[in-house]
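Take a look at the structure set out below.
All values reported here derive from a predicted model rather than from experimental measurement.
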Amino acid sequence: HPLALNLFARIDSGPWSRQVALPDNELMIDDTPVTPMRLDTIVHRFRARAAHQPLRTAMRHVVDGHWSTITWADYATAVEETAVGLMALGVEPGDRVGARIELPEWHIADLAIMSAGAVTVPVYPTSSSSQVAYVLDNSDARVCFVDDTEQLAKVLLHLPSLPSLERIVSFGSAPGLDHAGLLMTLDDLRAGGAVDLAGQNLNDAAIAHADVGNHCCGTGAIDHRAT
């Protein structure tokens with residue numbers, strides 16, 4: 001699908017990409033030639049880890065009072081689907097995407113935003129509604145992730161002062177609220193991305209290059225190239 005292929009092209013050619021020289025010769029693993037993967041960005045390193053240890057535990061989190069695990073394979077799938085879902089919404093390289101979420105969704109959203117070439121704009125959970133509005137407005141955020149109705153309410157309270165905000169992605173349904181064209185769930189975003197990714201052979205060779213976005217924090221920015 002064009003969006004799926006565009007994801008990997010975008011990962012490689014964004015404004016923060018850095019090219020590094022790779023060995024001309026192929027690596028050999030168990031007498032099988034393997035093309036080396038780039039490891040110069042966080043996105044590259046994430047994808048390499050997921051490809052090489054797909055069944056290992058990447059994260060643990062509490063669900064209904066019990067610890068649950070997320071494998072590297074499931075983690076990578078969630079990131080890919082979310083990234084392509086963002087692209088389907090029209091998110092372009094360099095666009096700002098707000099994020100006020102907790103683990104593990106924070107990591108999924110953050111890496112998905114970077115994979116799409118966009119910029120993560122963190123919002124502190126203790127920020128007041130006016131502070132949240134300032135961060136989103138000052139960054140011209142087009143999309144914002146929120147994890148509960150309290151954080152959603154902070155954004156909706158100042159919605160008229162957020163002209164750039166086009167979508168709010170919530171980690172659960174918000175029945176009874178208006179703004180049907182503005183609100184969507186993370187499940188819906190991922191489902192759209194999964195449709196675009198369906199049928200693609202997303203192996204290491206197809207995704208051997210990656211770009212990396214920045215994090216905006218206040219008025220500064222941190223470059224997330226791996227060193």
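Using a 4.5 Å cut-off on side-chain heavy atoms (C-beta onward), Cys144 and Leu165 make contact. For the pair Asp147/Glu105, no side-chain contact is recorded, criterion being any heavy-atom separation below 4.5 Å from C-beta on.
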Side-chain donor-acceptor pairs of residues 151-164 under 3.5 Å, sequence neighbours excluded:
residue, atom, partner, partner atom, Å
Gln151, NE2, Pro125, O, 3.3
Lys154, NZ, Pro125, O, 3.0
Lys154, NZ, Ser127, O, 2.6
His158, NE2, Ser129, OG, 3.2
Ser161, OG, His158, O, 2.7

Acceptor/donor pairs from residues 53-71 side chains to any protein atom, 3.5 angstrom cut, sequence neighbours excluded:
residue, atom, partner, partner atom, Å
Gln53, OE1, Arg49, NE, 2.5
Gln53, OE1, Arg49, NH2, 3.3
Thr71, OG1, Asp74, N, 3.1
Thr71, OG1, Asp74, OD2, 3.4

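For the atom pair OG1 of Thr77 and CZ of Arg190, the computed distance is 7.5 Å after rounding to the nearest 0.5 Å. Summarising the geometry, atom CD belonging to Glu80 is positioned 12.5 Å from atom CG belonging to Asp196; distances are rounded to the nearest 0.5 Å. How far CZ of Phe171 is from CZ of Phe145: 6.0 Å, rounded to the nearest 0.5 Å. A distance of 8.5 Å separates CE in Met114 from OG1 in Thr41, rounded to the nearest 0.5 Å. One distance of note links CG of Asp187 with OG1 of Thr82; it measures 9.5 Å at 0.5 Å rounding.
Partner of Thr120 under the side chain to side chain contact (heavy atoms under 4.5 Å, CB included) criterion, chosen from Val97, Leu111, Ile113: Ile113.
Closest non-hydrogen pair, Val91 versus Arg142, comes out as CA-NH1, 3.9 Å. Across Ala116 and Ala83, no two heavy atoms sit closer than the pair CB-O, 4.2 Å. Heavy-atom minimum distance, Phe46 versus Ala76: CZ-CA, 3.6 Å. In terms of heavy-atom proximity, Ser139 sits nearest to Leu136 at OG-O, 3.2 Å. Shown here for Val123 and Arg100, the closest heavy-atom pair between the two residues is O-CD, 3.3 Å.
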Query raised in the report: When you look at Val79 and Val43, which way does the side-chain contact (heavy atoms from CB on, under 4.5 Å) test go after all the steps?
Result: CA-CA 10 Å; Val79 168; Val43 175; over 6 Å; no
Query raised in the report: side-chain contact (heavy atoms from CB on, under 4.5 Å) between Leu89 and Met184: does it pass, once the steps are laid out?
Result: CA-CA 11 Å; Leu89 293 181; Met184 68 184 307; 3.9 Å; yes
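Under a 3.5 Å cut-off, the side chain of Arg96 and the backbone N or O of Gly94 do form a donor-acceptor pair.
Relative ring orientation between Tyr75 and His107 is described as perpendicular, the plane-to-plane angle rising above 60° on a 0-90° scale split at 30° and 60°.
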